[in-house]
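Report on the following structure.
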Amino acid sequence: MLWGADLSGADFREANLRQAGLEGANLAGADLQGAKLREAAPGEADLSRANLMAADLTEAVLEGAVLTRANLRGANFLDTDLSGAHLQQADLRGVDLGGTGLRTYPLSEHGYLAVDQLLRANLHRSTRLPPDLARNAEILARMDACEAAQRP
């Protein structure tokens with residue numbers, strides 16, 4: 001268990017951190033590119049400015065995690081709990097948010113999650129969004145485009 005550990009700036013590229021207990025850990029600026037974090041529990045962890053490019057966060061619990069300015073390009077958040085996570089200025093290009101829990105996430109007018117961030121992500125009907133975002137015409141069109149791209 002690494003709960004509450006200071007791992008800021010650490011190099012975890014391609015590391016296998018499956019089911020790791022990282023709750024409350026300081027991973028600010030850490031390099032987690034390509035890391036396997038399936039079913040990990042870094043809730044309430046500080047991952048600000050961390051590089052999570054192409055990381056596998058399938059079924060991870062990131063509730064309340066700080067991902068401000070994190071590089072999340074191409075990361076897999078399939079069925080991940082991001083409820084209450086802080087994604088201000090995070091790079092969400094190419095992120096798979098299928099089944100991801102965002103339903104309790106603060107809305108964009110509070111500076112947490114903007115429509116333009118979601119328009120760069122792979123969205124699915126299973127992505128649980130806050131009500132205002134779930135009804136947004138641009139987001140609905142993005143969901144349709146992402147699902148159409150996956151059809152044979």
Side-chain angles (χ1 to χ4, degrees), residues 1-134 136 139 142-143 146 150:
M1 302 275 178
L2 298 170
W3 292 3
D6 184 359
L7 303 167
S8 54
D11 186 350
F12 288 111
R13 285 177 289 189
E14 304 293 327
N16 184 357
L17 298 170
R18 184 180 179 124
Q19 297 181 332
L22 298 165
E23 191 164 340
N26 179 1
L27 290 154
D31 190 349
L32 293 147
Q33 183 172 343
K36 284 95 179 136
L37 291 152
R38 291 175 80 83
E39 302 169 0
E44 302 291 327
D46 182 357
L47 290 153
S48 57
R49 299 176 322 281
N51 179 14
L52 288 148
M53 186 175 190
D56 183 3
L57 291 136
T58 301
E59 297 180 4
V61 179
L62 288 157
E63 187 173 350
V66 178
L67 293 155
T68 305
R69 295 186 180 156
N71 179 1
L72 306 173
R73 283 187 189 188
N76 184 353
F77 286 97
L78 186 65
D79 296 323
T80 298
D81 184 359
L82 282 165
S83 300
H86 303 271
L87 291 163
Q88 299 96 319
Q89 299 177 4
D91 188 344
L92 294 169
R93 285 180 275 188
V95 169
D96 186 347
L97 292 172
T100 300
L102 293 168
R103 70 177 176 272
T104 62
Y105 198 79
L107 301 178
S108 59
E109 55 265 28
H110 300 292
Y112 290 97
L113 186 61
V115 170
D116 67 321
Q117 287 178 293
L118 291 174
L119 293 178
R120 297 182 302 214
N122 293 326
L123 298 174
H124 308 272
R125 295 283 171 200
S126 62
T127 304
R128 297 179 308 273
L129 297 169
D132 289 356
L133 294 175
N136 180 287
I139 290 173
R142 177 65 181 168
M143 283 182 182
C146 289
Q150 292 181 346

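For reference, positions follow the sequence shown, starting with 1.
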CD of Gln88 to OG of Ser48, rounded to nearest 0.5 Å, is 10.0 Å

State whether the number of non-hydrogen atoms from other residues, nucleotides or ligands found under 6.0 Å of Arg69 atom CZ is greater than 12.
-> no

Which is it for Leu72 and Leu57 under the side-chain contact (heavy atoms from CB on, under 4.5 Å) test, yes or no, and what are the steps along the way?
-> CA-CA 10 Å; Leu72 306 173; Leu57 291 136; 5.6 Å; no

Pick one: which of Leu82, Leu92, Asp91 meets side-chain contact (heavy atoms from CB on, under 4.5 Å) with Leu67?
-> Leu82

Minimum-distance pair of heavy atoms, taken over all atoms of Arg49 and Ala28 = NH2-CB, 4.0 Å

What's the verdict on side-chain contact (heavy atoms from CB on, under 4.5 Å) for Leu17 and Phe12, showing C-alpha distance, side-chain angles and the deciding distance?
-> CA-CA 9 Å; Leu17 298 170; Phe12 288 111; 4.3 Å; yes

Would you call Arg38-Glu59 a salt bridge at under 4.0 Å N-O?
-> no

Check whether any side-chain heavy atom of Leu47 sits under 4.5 Å from a side-chain heavy atom of Leu62, and report yes or no.
-> yes

Do the non-hydrogen side-chain atoms of Asn76 and Val95 ever get within less than 4.5 Å of each other?
-> no

For the student: nearest non-hydrogen atoms of Pro42 and Ala65, plus distance = O-CB, 3.8 Å

Quick one: pull up CD in Glu44 and CD in Glu23 and give me the separation to the nearest 0.5 Å.
-> 6.5 Å

Taking everything shown except Arg13 itself, do over 12 heavy atoms lie less than 6.0 Å from its CZ?
-> no

Drop me the distance from Phe77's CZ to Asp56's CG, to the nearest 0.5 angstrom.
-> 10.0 Å

Side chain to side chain donor-acceptor pair (under 3.5 Å) filter on Asn51, not counting sequence neighbours, yields Asp31, Gln33, Asn71

Mind checking the CG-CD spacing from Leu32 to Glu14? Nearest 0.5 Å is all I need.
-> 10.5 Å

Could you list the residues that satisfy salt bridge (charged side-chain N to carboxylate O under 4.0 Å, His left out) with Asp6, not counting sequence neighbours?
-> none

Taking the side chain as every heavy atom from C-beta outward, state whether Leu27 and Asp46 have any pair of such atoms under 4.5 Å apart.
-> no

With rounding to the nearest 0.5 Å, note down the distance linking CD in Gln19 to NZ in Lys36.
-> 15.5 Å

Thr58 and Leu37, any side-chain heavy atoms less than 4.5 Å apart = no

